[in-house]
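Side chains included, hydrogens not; waters and symmetry mates left out as well; all remaining heavy atoms used.
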Amino acid sequence: MTIDDAPPRIACPIDIFDAVEEEIRRLSMAINRAPSSDKRELANQLLEQVSRLLECDAYDPGNENCRLCRGISTLRRKTATLIETAAALG
């Protein structure tokens with residue numbers, strides 16, 4: 001197993017991270033394989049999944065797992081936004 005294959009080790013207090021993370025990883029792999037014309041829609045789908053984590057009502061700034069989830073999700077939102085922008089430019 002390489003570091004890219006290692007599952008994240010975030011213990012979500014409301015158990016949504018694992019399911020959303022699985023979909024995010026699937027979409028990320030699809031974006032990497034997709035032709036440029038399909039990347040924008042996939043990035044939009046990725047943003048929807050990332051938003052599920054960023055808008056979590058159970059976010060606890062005192063919980064290290066919540067902070068890690070928020071940090072990772074923020075980076076992914078920036079990446080997906082950049083992909084959307086690049087795809088829109090052609």
Side-chain angles (χ1 to χ4, degrees):
M1 180 180 285
T2 66
I3 195 161
D4 292 332
D5 296 331
R9 300 199 188 326
I10 293 178
C12 179
I14 60 169
D15 295 325
I16 66 165
F17 182 82
D18 288 338
V20 175
E21 174 65 15
E22 185 176 325
E23 182 63 10
I24 286 171
R25 287 175 63 84
R26 184 193 70 75
L27 287 165
S28 295
M29 289 188 317
I31 288 168
N32 290 338
R33 290 189 310 261
S36 296
S37 59
D38 295 340
K39 289 185 188 285
R40 189 172 187 184
E41 175 57 33
L42 290 166
N44 189 11
Q45 292 175 34
L46 179 61
L47 279 171
E48 289 175 18
Q49 294 302 313
V50 169
S51 292
R52 290 179 59 197
L53 297 175
L54 289 172
E55 296 168 5
C56 178
D57 290 334
Y59 176 72
D60 176 4
N63 183 314
E64 181 178 9
N65 289 293
C66 288
R67 290 192 313 270
L68 287 170
C69 175
R70 179 70 52 99
I72 291 167
S73 298
T74 299
L75 289 172
R76 286 177 167 159
R77 178 179 58 197
K78 289 177 183 179
T79 301
T81 301
L82 181 62
I83 292 167
E84 275 192 323
T85 302
L89 294 174

My understanding is that only residues two or more places apart in sequence, or in another chain, count here; which of them pass side-chain hydrogen bond (donor to acceptor under 3.5 Å, both in side chains) with Glu41?
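side-chain hydrogen bond (donor to acceptor under 3.5 Å, both in side chains) check on Glu41 returns Gln45.
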
Tell me, please, which residues at least two apart from Glu23 pass side-chain hydrogen bond (donor to acceptor under 3.5 Å, both in side chains).
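Only Arg26 meet the side-chain hydrogen bond (donor to acceptor under 3.5 Å, both in side chains) criterion with Glu23.
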
Got a sec, which residues hit salt bridge (Lys or Arg N to Asp or Glu O under 4.0 Å) with Arg52, two or more places apart in sequence or on another chain?
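Partners of Arg52 under the salt bridge (Lys or Arg N to Asp or Glu O under 4.0 Å) test: none.
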
Hydrophobic clusters here meaning ILVMFWY residues chained together by side-chain heavy-atom distances under 4.5 Å, can you tell me if Leu47 and Ile31 are in one?
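No: no chain of side-chain contacts under 4.5 Å links Leu47 to Ile31.
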
Pairwise distance CZ(Arg33) to CG(Asp38) - rounded to 0.5 angstrom:
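That separation rounds to 11.5 Å.
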
Would you name the heavy atoms of Ala34 and Leu42 that are closest together and state the gap between them?
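Ala34 and Leu42 have their closest heavy atoms at CB-CD1, 3.6 Å.
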
Test side chain to side chain contact (heavy atoms under 4.5 Å, CB included) applied to [X] - qualifying residues, sequence neighbours left out:
{"X": "Asn63", "value": "Pro13, Asp60, Asn65, Cys66"}
{"X": "Ser28", "value": "Ile24, Leu46"}
{"X": "Ala58", "value": "Ile14, Cys56"}
{"X": "Pro61", "value": "Tyr59"}

Decide side chain to side chain contact (heavy atoms under 4.5 Å, CB included) for Ile10 and Ile72; before the verdict, give the C-alpha distance in whole Å, the side-chain angles of both, and the deciding distance to 0.1 Å.
CA-CA 11 Å; Ile10 293 178; Ile72 291 167; 3.7 Å; yes

Within a 6.0 Å radius of atom CZ on Arg40, are there more than 12 heavy atoms belonging to other residues, nucleotides or ligands?
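No - once you tally the heavy atoms of other residues, nucleotides and ligands closer than 6.0 Å, there are 12 at most.
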
Pair up each side-chain donor or acceptor in residues 78-86 with any protein partner under 3.5 Å, not counting sequence neighbours, and list the distances.
residue	atom	partner	partner atom	Å
Thr79	OG1	Leu75	O	3.0
Thr81	OG1	Arg77	O	2.8
Thr85	OG1	Thr81	O	2.9

